[in-house]
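Accompanying notes for the structure given below.
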Amino acid sequence: MIGFLRIVALGVFFTLWFCMDYSQALDTEFHGRVQSTFVLRDTNGFQYDVFDQAKGIQWRNELKFDVTARLEYELEPALRLDKIFLSYRGAYDAIFDVCKDRDAWQDPPGAEAINEKSAADFDLGKDDIEYENDLREAFIDIVGETEFQSVTLRLGRQIVQWGEADGFNVVNILNPYDNSVLMFFETPEELATPLWMGRLNYSRANIGPLHDIGFEVALIPDIRPQQFAPLHDTQYLDYNCNSPYAFGFKQLKERNMPGLLGVNIDMVGELVPYVREEGMDHNLFPDSPVLMGRIKELIVGGGLLPPDVASGLTNQQIVSMIPTILHGDVPGFDLPMLINNLPLTSAGLLTSLPVHVKQVVPGNTIDNMEYGVRLQAAYGSFVGNLFYFHGFQDYPSFDLSQAITTNTAWAIHPEQDMYGASFNTYLSSINAVLRGEGCMTNKMYFTDLTMVVESELMNWLYHRFDQDNPAWSGKISGDYTSSVGYRTYQSLIGLDKDLWIRWLNPNDMIGTSWQFYWRHIHEWDNDSTWRPWDKQDNYRITGFFYTDYLHGQIHPELFVMYDTEDVWMTMASVKYSRDGRLFFKISQMSFWGDPGGSPGSITPFTQPVDLTRIGELSFRVGYNW
């Protein structure tokens with residue numbers, strides 16, 4: 001990264017020196033806004049009793065401004081420093097101070113509910129979500145032009161948008177999203193994480209039937225993951241993932257999943273101490289007399305063996321019974337029963353430990369540099385693009401292979417290649433814009449829970465204690481991590497058209513935007529137990545509608561998304577501004593559908609995370625200049 005910044009600095013120096021005889025003045029622009037947003041969340045969902053379980057989860061006060069400086073030349077050179085751009089965003093979330101006496105992210109007895117700051121990169125703490133002090137973008141443009149050709153070299157911290165989709169990242173994967181404090185109601189640029197990069201754009205006009213061709217090359221040495229609210233914030237299970245704006249993960253950790261032998265992530269945290277006791281060497285399962293005695297009691301209580309037989313079991317015999325217990329071969333006895341009967345803190349034995357989530361992000365080295373190419377051509381009103389990008393998956397794939405033995409889930413970001421295309425064209429016959437895009441990713445990584453818990457426990461026990469015991473025969477079939485990569489196809493088609501609906505708005509047209517999205521995971525087998533998040537073929541339909549009243553003073557918007565697993569998401573807002581500067585806005589976001597899902601349904605909205613229990617209202621006031 002230091003080397004990259006030096007290259008940027010040398011580029012600026014060279015350009016200023018080369019153009020100093022031409023430069024005459026500096027034209028600057030200064031724009032910005034201040035705004036305050038309060039978010040109220042209904043944790044029971046709008047489709048039930050509206051706001052029967054409501055709490056304030058965010059009061060974000062934000063300052064953002066942009067500074068653009070353009071050099072004016074008396075005699076414009078062919079090669080010149082054209083623009084310097086800076087964008088800053090700072091924020092303070094007052095919810096921590098306003099609600100600190102009653103909300104769960106504040107100190108539970110004897111512990112800090114959210115760490116102030118993690119020592120590890122990308123593992124967020126309280127200070128990261130309470131305050132923001134961020135230079136969003138900082139870059140320079142060096143431009144070279146002739147009569148029919150132009151070249152622009154942009155160096156610095158940037159946000160790049162690829163493709164034609166709204167709300168779906170099909171080919172738009174250069175900048176990862178930051179969902180640590182913002183999830184909805186924002187533009188893609190507000191959610192994107194800026195990256196240090198170098199970007200070269202070339203275009204040439206009027207080549208045969210094409211009125212424009214060009215290409216773009218991007219080199220990105222700044223490797224960053226998609227960010228979420230702090231996930232491993234406390235040693236207390238009931239408070240973990242309880243950051244104010246945490247979204248989805250809190251619901252996930254409390255959901256019993258068949259693919260984890262019927263347990264939830266909190267239960268896994270209760271099992272962890274029994275394979276890793278405090279103050280003892282790592283993985284001392286049968287060396288714990290407390291644990292061995294407890295399991296003997298459970299064997300008797302679960303009806304596995306009569307008391308006289310269980311009392312004579314050796315530690316090795318107890319260990320040899322674990323594969324049978326884990327696989328549910330004993331009627332009436334399963335892992336949730338085992339865990340729920342472990343008297344941890346109540347009996348003064350062991351304290352439960354949460355499963356911590358740790359980001360594993362490739363280092364910022366030349367070998368890890370991400371890079372991408374975009375080719376563009378325009379014929380009439382048709383504009384087409386081809387894309388290639390080599391980098392690391394922004395959205396984490398979770399490696400659970402050490403969730404029990406080290407109480408850590410690794411959020412990994414594997415390497416991948418994306419090949420894509422996009423287009424947009426104006427259809428004069430219907431006065432509309434048709435647009436679309438698609439891509440093939442050679443390996444996109446998903447969650448597969450097959451044999452994760454069994455593999456971790458049994459491989460550990462097998463290699464450490466009793467490799468020759470026939471009870472293990474056929475029980476271990478591989479090393480499972482829960483992270484699996486498959487070739488994946490995505491496509492989207494959209495249509496934008498303004499309509500007159502006089503009874504709804506007699507003075508202005510209604511803007512409409514329709515999209516149909518499809519994703520296919522090659523050779524993926526659907527299984528609601530082991531692969532509960534992703535389906536081989538996923539379809540979504542979206543509609544976006546907007547208009548203006550009173551000459552633009554009132555601007556309502558409505559966004560609707562339908563997942564074909566019978567789940568709806570809606571976002572609606574109304575913005576009022578008399579002069580375009582001072583504005584007020586109210587928004588709602590909610591999910592609708594069957595919280596249990598239809599039998600065998602696979603959707604990220606209800607199984608295993610039930611988002612139908614979440615609805616939000618946000619209130620915003622701000623001022624633009």
Side-chain angles (χ1 to χ4, degrees), residues 35-62 91-106 108 113-114 129-130 167 179-186 191 228-229 238-255 542-546 554-563 566-576 583-597 603-622:
Q35 66 182 28
S36 180
T37 306
F38 182 81
V39 180
L40 189 66
R41 177 176 292 172
D42 181 355
T43 57
N44 195 32
F46 287 173
Q47 72 179 31
Y48 306 102
D49 294 329
V50 178
F51 282 112
D52 60 330
Q53 298 180 26
K55 65 182 296 185
I57 60 167
Q58 191 176 70
W59 190 357
R60 183 175 167 88
N61 303 280
E62 183 180 292
Y92 160 63
D93 191 349
I95 202 70
F96 291 94
D97 295 319
V98 173
C99 302
K100 67 180 181 179
D101 293 328
R102 63 179 177 85
D103 281 333
W105 56 82
Q106 295 298 323
I114 304 178
I129 58 176
E130 185 175 9
N179 297 125
S180 58
V181 293
L182 300 173
M183 189 66 69
F184 300 106
F185 315 126
E186 306 297 339
L191 296 174
F228 301 95
D238 291 340
Y239 293 93
N240 213 24
C241 296
N242 243 18
S243 301
Y245 206 74
F247 197 91
F249 289 98
K250 178 174 173 57
Q251 291 77 19
L252 172 63
K253 78 184 185 73
E254 298 170 348
R255 189 70 171 257
T542 69
F544 179 54
F545 316 94
Y546 57 92
I554 299 177
H555 179 77
E557 294 181 353
L558 172 65
F559 175 82
V560 179
M561 180 173 68
Y562 174 68
D563 186 288
D566 203 21
V567 181
W568 295 81
M569 174 188 175
T570 64
M571 289 193 295
S573 67
V574 177
K575 182 178 179 181
Y576 170 75
F583 65 89
F584 305 87
K585 184 177 182 180
I586 181 171
S587 306
Q588 77 84 30
M589 179 277 298
S590 56
F591 294 89
W592 308 79
D594 182 359
T603 169
F605 300 118
T606 61
Q607 297 289 338
V609 180
D610 180 16
L611 297 185
T612 64
R613 297 287 181 177
I614 292 180
E616 291 181 2
L617 275 181
S618 70
F619 307 88
R620 174 174 292 176
V621 58

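Values below: all heavy atoms of this structure, side chains included; hydrogens, waters and symmetry mates excluded.
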Partner residues of Ser573 under the side chain to side chain contact (heavy atoms under 4.5 Å, CB included) criterion, sequence neighbours left out: Glu557, Lys585, Ser587

Contacts of type side chain to side chain contact (heavy atoms under 4.5 Å, CB included), residue Thr542, not counting sequence neighbours: Phe168, Gln515, Phe559, Met561

Listed partners of Phe46 passing ring pair (Phe, Tyr, Trp, His ring centres under 6.0 Å), at least two apart: Phe51

4.5 Å side-chain heavy-atom contact, Asp563 and Met569: no

Contacts of Phe584 that satisfy side chain to side chain contact (heavy atoms under 4.5 Å, CB included) - sequence neighbours left out: Tyr576, Leu582, Val621

Side chain proximity check, Tyr48 to Asp42, heavy atoms < 4.5 angstrom: no

For Trp592, side-chain hydrogen bond (donor to acceptor under 3.5 Å, both in side chains) partners two or more places apart: Thr570, Ser590

Partners passing salt bridge (Lys or Arg N to Asp or Glu O under 4.0 Å) against Glu62 (at least two apart in sequence or in another chain): Arg33, Arg60

Results of side-chain hydrogen bond (donor to acceptor under 3.5 Å, both in side chains) for Asp566 - residues two or more places apart only: none

Pairing residues for Phe544 by the ring pair (Phe, Tyr, Trp, His ring centres under 6.0 Å) criterion, not counting sequence neighbours: Tyr546

Exercise: identify the closest heavy-atom pair between Asn61 and Ser36: OD1-OG, 2.7 Å

Side chain to side chain contact (heavy atoms under 4.5 Å, CB included) partners for Asp49, two or more places apart: Asp52

Between OG on residue Ser618 and CG on residue Leu40, distance to nearest 0.5 Å: 10.0 Å

Asp93 side chain near Trp59 side chain, heavy-atom distance below 4.5 Å: yes

All ring pair (Phe, Tyr, Trp, His ring centres under 6.0 Å) counterparts of Tyr92, not counting sequence neighbours: Tyr131

Side chain to side chain, Ile57 and Ile95, heavy atoms closer than 4.5 Å: no

